[in-house]
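Bear in mind that the values here come from a model prediction, so they are computed numbers and not experimental data.
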Amino acid sequence: MSIASEFGTRDLEKWIVVDLERIRRLPDRLRRLWPTELSPRRTDPEEGDVGPSPAGEDDAGSRSAGESDVGATSVGMSDGSPASTWEDDPGTTSVGENFELVDLGESVPANRELDVLTAWVAGFAAELNQGDVRITVVLSSGVESVHLALCLGQATSQAVLALHGEGFDDFAHHQLLRRIDPARIGHVVDELAGLVEHDCVLTVNWAARGGAAGLEFLHRRDGAWFRPVLERCGDSITVDCDVAADDDAVRMLVAAVLTRTMSVGVR
C-alpha cells in the first residue's frame with residue numbers, strides 16, 4: 001500500500017518524520033512529557049525490547065526549549081500554524097520506499113542536519129507541557145494499527161503519530177510529529193482511518209486537567225461504521241449490538257470529543 005496515495009500528499013507533507021533513537025535521547029525532563037503510550041523503549045539486539053532508556057542517555061540535554069525554532073527536517077511544508085517556523089528550511093525528509101535526509105548545503109557539516117532536527121524535537125517535546133487535554137486515538141485491525149496522540153491547550157496543539165503492522169514497514173522505528181489546527185483533527189483522523197485496510201476498531205480516550213476523562217469507540221465492518229451500544233449492569237459494562245453510524249461517523253465522534261474536552265479541560 002502506498003502511504004502517500006492513500007493518506008494524501010498534502011496531509012502527509014505536514015508531518016515531520018523523526019527516528020525513535022532521537023526521541024529516546026531527549027533529556028529525561030523532556031522525555032517524560034512524551035505521550036506515555038508512544039514513549040520509545042530502549043531495544044537490545046539480543047534481548048529485544050527491554051524498557052525505557054536510562055535518564056542518563058541524552059545527547060540533546062544542552063539544548064533549551066527556546067532552540068525549537070532553529071529549524072527542522074520535515075516531510076514537506078508546515079501546516080501554516082503560527083507556531084510553525086520551518087517553512088523555509090531547505091532540508092526535507094522524503095517519505096517513500098526509504099527515508100532520505102537531503103543535504104542542507106555543501107558548507108554545512110553532515111552532523112549539523114542531525115543537530116537541527118534534534119533541537120526541533122526538543123522544543124516540540126517542551127511544548128507538550130503546555131497542554132491541558134490529552135487525547136489518544138487508536139485504529140486497530142489486528143494486523144495493522146494507527147496510534148495518534150494529541151496534546152491540546154490554548155497555547156499549543158500537537159500531534160504524535162505511530163504506524164505499525166502490515167503495510168507500514170517504511171515507518172518502522174519512526175514517529176511522525178506535527179502542530180495541528182484543532183479544526184483539522186477530525187479530517188486527519190478520518191484520513192488515517194483510510195490507511196487501515198481491514199475491519200477495525202477506533203478508540204478515542206481522553207483526559208483533562210482536573211481528572212475529567214472519557215472513552216468512545218466505533219467499529220468498522222465491511223467498510224461501514226457502527227456504534228456499539230453499551231449497557232451498564234451493576235459495576236460492569238457490557239457491549240450489546242452495534243448501531244449503524246453515518247459515513248462521517250469518525251469526524252462527528254472526534255468533533256464531539258473535542259467539544260467536550262475543550263470545554264472542561266482548557267483554561
Side-chain angles (χ1 to χ4, degrees), residues 1-3 5-8 10-12 15 35-38 131-153 157-168 171 176 178 180-266:
M1 175 179 63
S2 170
I3 301 297
S5 61
E6 293 291 335
F7 192 17
R10 290 184 60 188
D11 280 319
L12 190 60
W15 295 92
T36 304
E37 62 277 12
L38 291 180
D132 297 292
V133 176
R134 291 284 180 107
I135 299 175
T136 301
V137 180
V138 178
L139 287 138
S140 178
S141 68
V143 296
E144 55 199 336
S145 67
V146 173
H147 199 136
L148 176 68
L150 299 162
C151 181
L152 308 177
S157 184
Q158 298 165 275
V160 180
L161 173 65
L163 304 171
H164 300 288
E166 184 178 289
F168 298 139
F171 293 90
L176 294 87
R178 70 180 283 183
I180 186 170
D181 182 349
R184 293 279 301 165
I185 293 176
H187 173 78
V188 168
V189 174
D190 200 24
E191 291 290 330
L192 289 172
L195 298 181
V196 180
E197 296 184 334
H198 302 82
D199 291 348
C200 64
V201 174
L202 181 149
T203 304
V204 181
N205 64 74
W206 58 272
R209 293 187 188 273
L215 172 67
E216 300 285 348
F217 57 97
L218 294 172
H219 179 207
R220 190 179 69 192
R221 186 171 61 249
D222 297 327
W225 288 102
F226 296 85
R227 178 182 291 277
V229 176
L230 304 181
E231 291 190 351
R232 181 182 295 276
C233 182
D235 294 331
S236 63
I237 297 178
T238 59
V239 179
D240 199 0
C241 59
D242 289 345
V243 175
D246 296 332
D247 292 340
D248 60 350
V250 173
R251 298 192 192 193
M252 291 177 63
L253 176 62
V254 172
V257 170
L258 288 173
T259 298
R260 185 173 182 184
T261 57
M262 300 301 274
S263 63
V264 303
V266 177

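Considering CG of Leu148 and CD1 of Ile185, their distance stands at 8.0 Å, rounded to 0.5 Å. Between the CE atom in Met252 and the CZ atom in Arg227 there is a gap of 8.0 Å [rounded to 0.5 Å]. How far CD of Glu166 is from OG of Ser141: 7.0 Å, rounded to the nearest 0.5 Å. Atom-to-atom distance recorded for Leu218:CG and Leu253:CG is 5.0 Å, nearest 0.5 angstrom. Here the OG1-CG distance, from Thr136 to Leu38, works out to 7.5 Å after rounding to the nearest 0.5 Å. In this structure, OG1 on Thr203 lies 11.0 Å from NE2 on His219, to the nearest 0.5 angstrom.
Remark: the His198 side chain and the Glu144 side chain contain an N/O donor-acceptor pair separated by less than 3.5 Å.
Two residues are said to be in side-chain contact when any heavy atoms from C-beta on lie closer than 4.5 Å; Val201 and Ser140 fail this criterion. Asp132 places none of its side-chain heavy atoms less than 4.5 Å from the side chain of Leu152. Counting only heavy atoms from C-beta outward, the side chains of His147 and Leu163 never approach each other to under 4.5 Å.
Nearest approach of Phe217 to Pro228, heavy atoms of both residues: CE1-CG, 3.3 Å. Closest approach of Arg134 to Cys151, counting heavy atoms only: NE-SG, 3.5 Å. The shortest non-hydrogen separation linking Leu215 to Trp206 is N-NE1, 4.3 Å. The minimum heavy-atom distance between Leu258 and Pro182, with the atom names listed, is CD1-O, 3.7 Å.
When each of Val137, Ile135, Val146, Val257 is checked for a side chain to side chain contact (heavy atoms under 4.5 Å, CB included) with Val189, only Val137 meets the rule.
Side chain of Arg251 to main chain of Val188: no donor-acceptor pair is present (N/O by atom type, distance under 3.5 Å, no hydrogens or angles).
At a threshold of 4.0 Å, the pair Asp199-Arg220 does not count as salt-bridged, since none of the basic side-chain nitrogens sits closer than that to a carboxylate oxygen.
Within a 6.0 Å radius of CG in Asp248, more than 12 heavy atoms belonging to other residues, nucleotides or ligands are found.
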Inset, instruction - Step by step, work out the side-chain contact (heavy atoms from CB on, under 4.5 Å) result for Phe171 and His164. - result: CA-CA 7 Å; Phe171 293 90; His164 300 288; over 6 Å; no
Legend entry - Residues Trp225, Val250; criterion side-chain contact (heavy atoms from CB on, under 4.5 Å); working and verdict: CA-CA 8 Å; Trp225 288 102; Val250 173; 3.5 Å; yes
